[in-house]
Amino acid sequence: MKLQFSHSWNLTSAEAIALQRKLRPHLILEDRLKPVQRVAGVDVGFEAGGAVTRAAVAVLRYPELDVVETALAQRPTAFPYVPGLLSFRELPAVLEALEQLRESPDLLLCDGQGIAHPRQLGIASHLGLLVDIPSIGVAKTRLYGTHDEPPNVRGAWTPLWAGGEIIGAVLRTRPNVKPLYISLGHRISLDTAIRYVMACCTRYRLPETTRHAHRLASRR
DNA sequence: GCGACAG
DNA sequence: ATCTTGTCGC
């Protein structure tokens, strides 16, 4: 697939924050999706020591959820981990992995926050904007906002609040398992986002799927 | 000033 | 992200 926009990644923290403020107004926080036939799970992380940043992508057919394509990219880490600036560390590798795909996914489920972020531009939103594909932030822990604990029932969720607004959902994808932090990336509404995350967790847990893709791709 | 802080 | 010990549920 080809990329839509690009910008420099050689930035200071202050420049990165300024860029987030500049990009934020371009986010579309309502449903603008094509029929979803391919969902991509995007997993980000780095190797022990932090010298190498990795991104793995697993593309699943929807709604069957079988894996049709995987990609892995590694790059020397060029930006430190700073809470709120994760995308500047991880996205170069993610974009490189996405470029390897034969066909563009219709929806991205990205490891990390979307608008549940101090400047409403977490990695999922930043990514969705750059590639112009609907995206959802799926994080394992909280970065921003306050919430009640969701009931211990599959599908239950509570709002994630900040500044009197609902910025995401704390979603129980399985009973007796820590809930996921869902927030909008780009071109999708919260109701739709929750629906897709639950649909993708019916037979596979997406984090496990991407991790599996990560391992498969690593052995080459 | 002090705590909080995606991966 | 990564490391570790103790506890719980299947």
Side-chain angles (χ1 to χ4, degrees), chain A residues 9 11 13-14 16-17 19-21 23-24 27 40-58 72-98 108-130 135-147 152-154 157 159-163 166-186 190 193 197 205-215 217-218:
Chain A
W9 296 100
L11 302 171
S13 289
I17 288 171
L19 180 56
Q20 288 178 328
R21 297 210 160 98
L23 292 176
R24 166 62 185 89
L27 283 183
V42 179
D43 190 24
V44 299
F46 49 80
E47 264 189 7
V52 175
T53 298
R54 284 185 163 193
V57 178
L72 177 80
Q74 306 190 41
R75 299 173 58 94
T77 300
F79 197 93
Y81 172 68
V82 179
L85 299 179
L86 177 67
S87 61
F88 294 91
R89 174 174 184 137
E90 309 289 351
L91 278 191
V94 171
L95 296 174
E96 197 175 302
L98 286 175
L108 305 171
L109 302 213
C110 183
D111 194 5
Q113 312 289 350
I115 62 169
H117 175 279
R119 289 165 297 280
Q120 301 186 353
L121 203 92
I123 187 169
S125 298
H126 196 164
L127 175 61
L129 216 45
L130 290 184
S135 65
I136 303 170
V138 183
K140 297 179 286 296
T141 62
R142 189 198 70 96
L143 171 67
Y144 194 71
T146 59
H147 64 90
N152 191 21
V153 175
R154 177 181 155 82
W157 62 275
L160 184 58
W161 295 95
I166 295 179
I167 58 167
V170 187
L171 176 64
R172 191 80 66 179
T173 54
R174 290 201 55 183
N176 308 315
V177 168
K178 283 180 57 168
L180 294 177
Y181 289 74
I182 308 304
S183 60
L184 301 187
H186 184 47
L190 187 57
V197 172
R205 244 189 123 205
L206 196 74
E208 292 170 5
T209 305
T210 52
R211 182 165 299 218
H212 187 226
H214 210 138
R215 300 187 119 202
S218 299

Contact summary for A:A162 and A:I167, nearest pair of heavy atoms: CB-CD1, 3.7 Å
Exam field: side chain A:S125 to backbone A:G185, donor-acceptor pair closer than 3.5 Å: yes
Gap separating the CG atom of A:L190 from the CD1 atom of A:I115, nearest 0.5 angstrom: 8.0 Å
Stems where DNA chain C pairs, listed by first number, each of three or more Watson-Crick or G-U pairs under 3.5 Å: none
By salt bridge (Lys or Arg N to Asp or Glu O under 4.0 Å) - contacts of A:R75 (at least two apart): A:E96
Worked verdict on A:L91 versus A:I123 for side-chain contact (heavy atoms from CB on, under 4.5 Å): CA-CA 7 Å; A:L91 278 191; A:I123 187 169; 3.7 Å; yes
Salt bridge (charged side-chain N to carboxylate O under 4.0 Å, His left out) between A:K140 and A:D111, worked out: CA-CA 8 Å; A:K140 297 179 286 296; A:D111 194 5; 2.9 Å; yes
Where protein sits on nucleotides 2-7 of chain B, one letter per nucleotide: B base, S sugar-phosphate only, - none, heavy atoms under 4.0 Å: --SBBB
Using residues 76-90 of chain A as the side-chain source, report each donor-acceptor pair under 3.5 Å to any protein atom, sequence neighbours left out, with the distance given to one decimal.
residue, atom, partner, partner atom, Å
A:T77, OG1, A:G50, O, 2.9
A:T77, OG1, A:A51, O, 3.3
A:T77, OG1, A:V52, N, 3.4
A:T77, OG1, A:T53, N, 3.3
A:T77, OG1, A:T53, OG1, 2.8
A:S87, OG, A:H126, ND1, 2.9
A:R89, NH2, A:G50, O, 3.3

Per-nucleotide pairing state of DNA chain B [Watson-Crick or G-U, under 3.5 Å; [ ] pseudoknot-crossing; | other strand]: .......
Nearest-0.5 Å distance that lies between atom CD1 in A:I17 and atom CG in A:L121: 12.0 Å
Heavy-atom protein contacts under 4.0 Å, nucleotides 5-10 of chain C, coded B base, S sugar-phosphate only, - none: ------
Nearest-0.5 Å distance that lies between atom CZ in A:R119 and atom CZ in A:R21: 5.5 Å
Whether A:N152 side chain and A:N176 backbone form a donor-acceptor pair below 3.5 Å: yes
A:L19 vs A:L11, side-chain contact (heavy atoms from CB on, under 4.5 Å): CA-CA, chis, key distance, verdict: CA-CA 9 Å; A:L19 180 56; A:L11 302 171; 3.9 Å; yes
Under 3.5 Å: donor-acceptor pair, side chain of A:Q113, backbone of A:T141: yes
